[in-house]
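Comments concern the structure below.
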Amino acid sequence: AIEGRYPDTLFVFVSDHGDEFWERGTCGHGQHVHQELVHVPLIVKGPGVSAATHATPVGTIGILPTVAKLVGLPVNQQWQAPDVFTQAANPAPVFAWAKDVDGWVDAESVTTGTAKLIDDGSRRHAGRARFDLATDPGETKNLWSASPAADRSEEHTSELQSQFRI
């Protein structure tokens with residue numbers, strides 16, 4: 001139907017955030033970086049796009065390079081991420097953050113594969129958390145204290161530090 005009416009059009013559907021419905025004691029969005037807020041749909045449809053479903057997380061920062069690639073524009077070397085198809089084929093850390101101006105909300109996360117680290121400096125939810133999204137997709141079991149010190153601090157914390165300068 002769409003292909004017949006708009007055969008040369010690229011459609012990109014994405015959400016900028018999800019919503020929380022009391023999973024963590026509040027309702028709305030922008031309070032933290034848990035999955036219910038950062039795991040959002042991304043649908044790309046148009047010429048040159050094969051039908052496929054990818055379970056690999058990708059960053060929305062790759063949308064601009066994706067559109068440029070699909071419409072034949074050159075990639076700018078200053079862009080901070082590759083297109084989402086490259087991200088899906090070559091998984092890399094995916095970063096998220098939620099901040100406000102008064103420090104009530106100040107959280108960052110990095111997800112690599114199924115491992116997710118959250119560094120929350122908010123006045124409301126301060127602390128660090130580590131989750132295994134394969135066994136705990138709802139992020140209900142914080143593995144931070146159960147992880148060996150080297151495991152919980154070095155790899156993901158250095159990724160967060162390089163991305164957010166914490």
Side-chain angles (χ1 to χ4, degrees), residues 1-24 26-101 105-120 122 129-140 155-156 158-166:
I2 264 184
E3 294 88 353
R5 294 187 74 184
Y6 306 99
D8 297 323
T9 303
L10 178 66
F11 294 91
V12 179
F13 299 94
V14 67
S15 176
D16 60 340
H17 59 76
D19 276 298
E20 176 184 15
F21 296 102
W22 304 110
E23 293 90 341
R24 298 180 204 287
T26 60
C27 186
H29 58 268
Q31 301 294 313
H32 52 75
V33 288
H34 289 277
Q35 289 298 94
E36 60 269 15
L37 294 177
V38 300
H39 187 217
V40 297
L42 172 60
I43 301 168
V44 181
K45 176 84 172 146
V49 180
S50 300
T53 300
H54 299 280
T56 305
V58 298
T60 54
I61 196 168
I63 293 174
L64 175 61
T66 303
V67 171
K69 180 179 180 177
L70 290 171
V71 300
L73 295 175
V75 173
N76 185 322
Q77 296 305 313
Q78 294 180 357
W79 290 341
Q80 297 176 338
D83 65 87
V84 297
F85 303 113
T86 300
Q87 289 181 44
N90 305 294
V94 176
F95 299 93
W97 61 94
K99 294 185 185 289
D100 67 4
V101 295
V105 177
D106 184 13
E108 296 96 14
S109 73
V110 58
T111 304
T112 305
T114 62
K116 182 173 182 179
L117 174 71
I118 296 174
D119 188 356
D120 194 337
S122 303
R130 184 181 181 114
F131 300 99
D132 179 351
L133 299 176
T135 60
D136 182 21
E139 297 171 312
T140 59
E155 179 185 348
H156 284 104
S158 66
E159 289 173 356
L160 277 173
Q161 288 171 335
S162 69
Q163 184 71 19
F164 297 109
R165 297 172 189 85
I166 62 172

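Treat the numbers as computed from the prediction; the structure is a model and nothing was measured.
- For the atom pair CG of D132 and CD of E139, the computed distance is 10.5 Å after rounding to the nearest 0.5 Å.
- The salt bridge (charged side-chain N to carboxylate O under 4.0 Å, His left out) contacts involving residues 87-96 comprise nothing, where partners must be two or more places apart or lie in separate chains.
- A heavy-atom distance below 4.5 Å is found between the side chains of L70 and F85.
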For a side-chain hydrogen bond (donor to acceptor under 3.5 Å, both in side chains) check, start with the C-alpha distance between T140 and D136, then their side-chain angles and the critical distance, and finish with the verdict. CA-CA 7 Å; T140 59; D136 182 21; 3.0 Å; yes
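- Summarising the geometry of P93 relative to V110, their closest heavy-atom pair is CB-CG2, 3.7 Å, with the distance given to 0.1 Å.
- Across all non-hydrogen atoms, the minimal contact from P65 to P82 is CB-C, 4.0 Å.
- Heavy atoms only, all atoms of each residue included: V44 and L10 are closest at CG1-CD1, 3.9 Å.
- Here the side chains of F95 and I61 are not in contact, with every heavy-atom distance at 4.5 Å or above.
- Looking at heavy atoms from C-beta onward, K116 lies in side-chain contact with S109 at the 4.5 angstrom threshold.
- Atom OG1 of T86 is separated from atom CG of D83 by 3.5 Å, given to the nearest 0.5 angstrom.
- To the nearest 0.5 Å, the span separating CH2 on W79 from OG1 on T66 amounts to 9.5 Å.
- In this structure, the side chains of L42 and V12 come closer than 4.5 Å at one or more pairs of heavy atoms.
- Here CZ of R130 is found 12.0 Å from CD1 of I118. Values are rounded to the nearest 0.5 Å.
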